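Working notes for the structure below.
All values below were derived from every heavy atom in this structure, side-chain atoms included, with hydrogens, water molecules and symmetry-related copies excluded. Remember, it's a predicted structure, so these values are computed and weren't measured experimentally.
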Amino acid sequence: MGDNVIHLHKNTDPPAVTTLTVVPEPTPPTPTPLWVRSGRAVKTAVTHDNTKTAARTVARHSLYVVGGARIVSRRAWDGRTAARYERYMRTAEAAGNMELAAEWEERGQRYRDARHRRRMDLLHSPLDAGKSALIGTGMGIGGLVALGIVMAIATKDLSDVVTPLMAAVEFINLLITIVQVVWGPAVTLGPFLALLALWAVGSKQQAAPAWALPANVRSSEGEPITPSIVVKALRDLGVPALRNAIKDMGDAGASMLGPIRIAGCGVEVDVTLPSGVATNEVQGKRRKLAENLTRHEHEVFITIAQAARTVRLWVADSGALDEPIGPSPLVTDETITADYAKGRAPWGQDLRGDAAALSLYQRHLLITGLSNQGKTAALRSLALWASLDRRVEFRIADLKGAGDWAMFDGLATVLIQGPTDEHVIEATEMVEGLVEEMNRRIAARQADPTVVFDPLIGIVDEAQVAFMCPAVDDEKRPYGGSKATSRYFMGVRKVHNQGRVVDVLMYEGTQDPTDQNLPKLVREGAHTRASLALGTEAQAVMALGEKAVNGGAAPHLLRQGLDKGTLVVASDGIEIPKGQSSITVRTHFIGDEDAKAITDRAKTLRAGVTTLHSIERGEKRDPLADILTVCGDDKRVLTQDVIKRLAVLDPDAYDGWSFGDLTRVLDAHGVEAYKSHGRMMIRRDDVTRALTDRDTDGSASASQ
């Protein structure tokens, strides 16, 4: 049938018709050419892991021989010349130790003098050696003949005179025979033994490139930081002016470096940059500099030193920053106490390994960072320390509502927990309560400048929830936002403006700072600003300020998820190295159980605190109607008198009112205050008309 098969089909439906269908046979697959399969096999064999491992092994052991030869040659050269002393002298000069450099120079000079004397002695050594050989040979032969004479006399045999001499000749002949037998194999095996010796030296010193070393040797441990490594890392940084300047320096760049100092879990060195190289050019190359120093990016910190044109490099020991720093003293020492005014909260450790402690005295605080980086834990640890001072009062709003602050129940006078708009409203009223207390204290201070107040700390965790809240009150004022009408924003601003002097403080923790969820005026009102890992440099500027970031603060370079609890702090309340604008702190983590134990100790210091879980709202007032009431029968009333009369009418509702609060209510209803004889006044008829129009329109009464 050829390539086709004919099938006969008979239809069952009338009329009966027989059809022929030609079905082609399936075409067999075309076999792959042998050369293609061979090429694939070769490619697979070449790229296989076993092949790569074998090639790396062969290269490694071959390069051990090369490296061993280099090491032996270097040792031989050092032994025959003064290169070793010159190298030590340059190292001492690079480290700034001129006394040690002079000592090595003196040692090198003594070595050269001794070498000169040895060479001069070699000029006379052949003649002296020849004389010594002749004398020695003559004495040796004479001695053997004398010995033979003695033997001949003893044995009365004249032939014994030459017996010792012949024995010496036979011994020399035996040595020549042994040399003749051994010489051939020694010449054959000598090169192999020499290569084996070189391989042993290279293997012991791991004298092969990193890519050829086995995995257990090619570890992540970086090389020790030496002056030559730092200069080489700077030279290869990719800054042309810096590279050219190092090449032109007579000391190969050693004069740029200050002493390399041990600093905690790493080392620290100041680098004075040559003319034409700006400090920000080095700061912008942090990753490349770290890799040149055989470190990860997060293990190298570049800050601006106090001296001009100088950067300070802190280089961690490889892997040291991934190790925990240990528990907080608040956990390990149950006898520890706090002093809000004079003490410092133990917060963690700086990169040098020294204890990092923060003063809370009259300082507003802002901590920000990405989610799940340890923001709440860092903020809570400060509050836990402050709780051990019985004078400190807390008012806390946790707008996450996950129970992170639950241990302050029975310790804080206000504890709001939840993320809803209602919780934001209560948090806003809590902040406004801080403003009222602040105004009361200011008034008391004006009456008696010597009065001292107990510290009052208001804490809002997840403050971005408050700033982003869309809820509005009965007067159409938003709770969130960053405008002058925003109740939360204005409450925080008022505390920032005047709260410090009467010890009313504001602590805020917020996520992922932007202009929308952390307004500029609020973030710049904090005296202590700290940031955990952030996403961008722009966010770092928002969190810490442009000055700190320009000075080297880089929370955006912290590793999300890996550097939990590590934050960059800009504050005068913590000890910062001279010339720097910020410090990096690895905070102690205090778990919920340990935090509860600390608050239990704090509660024993107090007589008993009743915690409010919501803000109690007073009787609803109608401010416009109350303004008409206090105007009485007067046709015109001073605005200042109106404010005073309102405070007498209902102190809870109107105590602390300012001209701005009065103007807000009047403007909302179309009543304008005017100036008469330099003093602001309102007309009773204007208030009456506005109240009548509002009631006629069916508007709802505004509530206080």
Side-chain angles (χ1 to χ4, degrees), residues 265 320-338 343-351 353 355-358 360 365 367-390 392 394 396-412 415-419 457 459-463 507-511 528 530-533 555 558-569 574 584-606 609 611 613:
C265 57
L321 295 183
D322 296 327
E323 299 176 359
I325 64 171
S328 169
L330 298 177
V331 176
T332 58
D333 185 1
E334 295 185 356
T335 63
I336 195 171
T337 58
R344 291 176 178 264
W347 213 5
Q349 294 180 1
D350 62 14
L351 295 178
L358 180 69
L360 305 181
L365 175 69
I367 298 181
T368 186
L370 297 178
S371 177
N372 196 31
Q373 296 301 300
K375 173 179 61 352
T376 297
L379 179 59
R380 189 176 67 181
S381 64
L382 297 176
L384 289 172
W385 176 81
S387 69
L388 297 176
D389 185 339
R390 63 192 306 269
V392 179
F394 294 98
I396 302 173
D398 175 16
L399 298 182
K400 184 192 302 181
D404 293 332
W405 297 86
M407 66 287 301
F408 280 82
D409 193 358
L411 182 61
L415 179 59
I416 300 166
Q417 301 181 89
I457 300 178
I459 301 175
V460 179
D461 196 8
E462 306 296 342
Y507 292 180
E508 288 184 289
T510 183
Q511 290 183 14
T528 297
S531 176
L532 295 111
L558 295 174
R559 300 168 297 168
Q560 183 177 1
L562 297 177
D563 290 326
K564 285 187 176 182
T566 299
L567 45 76
V568 183
V569 186
I574 193 170
T584 301
V585 177
R586 303 171 68 198
T587 58
H588 296 294
F589 175 75
I590 303 177
D592 291 346
E593 293 298 324
D594 291 329
K596 187 176 185 305
I598 295 172
T599 54
D600 287 343
R601 299 205 311 262
K603 291 173 185 177
T604 61
L605 302 175
R606 293 163 170 80
V609 177
T611 300
H613 296 281

* **Considering all heavy atoms, the nearest Ala386-Leu360 contact** => CB-CD1, 4.0 Å
* Mind checking what makes side chain to side chain donor-acceptor pair (under 3.5 Å) contact with Arg559, not counting sequence neighbours? -> His298, Asp322, Asp563
* To do: Applying salt bridge (Lys or Arg N to Asp or Glu O under 4.0 Å), name anything that partners Asp409, two or more places apart in sequence or on another chain.
  => none
* Asked: Which residue, Ile457, Thr528, Leu365, forms the side-chain contact (heavy atoms from CB on, under 4.5 Å) with Leu382?
  -> Leu365
* With Arg380, which of Asp461, Asp398, Asp592 fulfils side chain to side chain donor-acceptor pair (under 3.5 Å)? -> Asp592
* Using side chain to side chain donor-acceptor pair (under 3.5 Å) as the criterion, list what pairs up with Ser371, not counting sequence neighbours. => none
* Once you round to the nearest 0.5 Å, how far does OG1 of Thr566 lie from CG of Leu558? -> 6.5 Å
* More than 12 non-hydrogen atoms from neighbouring residues, nucleotides or ligands closer than 6.0 Å to CZ on Arg601, yes or no? -> yes
* Of all residues at least two apart in sequence or in a different chain, which pass the salt bridge (Lys or Arg N to Asp or Glu O under 4.0 Å) check with Glu462? -> Lys375, Lys400
* With a 4.5 Å limit on heavy-atom distance, are the side chains of Phe394 and Val609 in contact? -> no
* Structure fact -> Sorted by chain and residue number, the side chain to side chain donor-acceptor pair (under 3.5 Å) partners of Thr599 (sequence neighbours excluded) come out as none
* Have a look at Ser387 and tell me which of Val392, Leu411, Leu605, Leu330 forms a side-chain contact (heavy atoms from CB on, under 4.5 Å) with it. => Leu411
* To do: With sequence neighbours excluded, tell me which residues meet ring-ring contact (aromatic ring centres under 6.0 Å, His included) with Trp405.
  => Phe408
* To do: Working to the nearest 0.5 Å, report the span between CD1 of Ile459 and CD1 of Ile416.
  => 12.5 Å
* To do: Provide the closest heavy-atom pair for Leu567 versus Ala530 in the form atom of the first, atom of the second, distance.
  => CD1-CB, 4.2 Å
* Asked: Can you tell me how far CD1 of Ile590 sits from CD1 of Ile598, rounded to the nearest 0.5 angstrom?
  -> 4.5 Å
* Asked: Should Val585 and Ile574 count as side-chain neighbours, where that means a heavy-atom distance under 4.5 Å?
  -> yes
* Supply the atom-to-atom distance Asp404 CG to Thr376 OG1, rounded to the nearest 0.5 angstrom. => 5.0 Å
* **Single hit among Ser381, Pro329, Pro327 for side-chain contact (heavy atoms from CB on, under 4.5 Å) with His588** => Pro329
* Structure fact -> When rounded to the nearest 0.5 Å, the distance separating CD1 of Ile325 from OG1 of Thr587 is 6.5 Å
* Structure fact -> Value for CD (Gln511) from CG (Leu370), rounded to nearest 0.5 Å, stands at 8.5 Å
* Asked: Which heavy-atom pair separates Ala463 from Glu508 by the least distance, and what is that distance?
  -> CB-OE2, 3.6 Å
* **Under 3.5 Å: donor-acceptor pair, side chain of Gln373, backbone of Gly561** => yes
* Could you tell me which non-hydrogen atom of Pro555 sits nearest to which non-hydrogen atom of Leu532, and how far apart they are? => CB-O, 3.4 Å
* Thr368 side-chain N/O to Thr510 backbone N/O, donor-acceptor pair under 3.5 Å -> yes
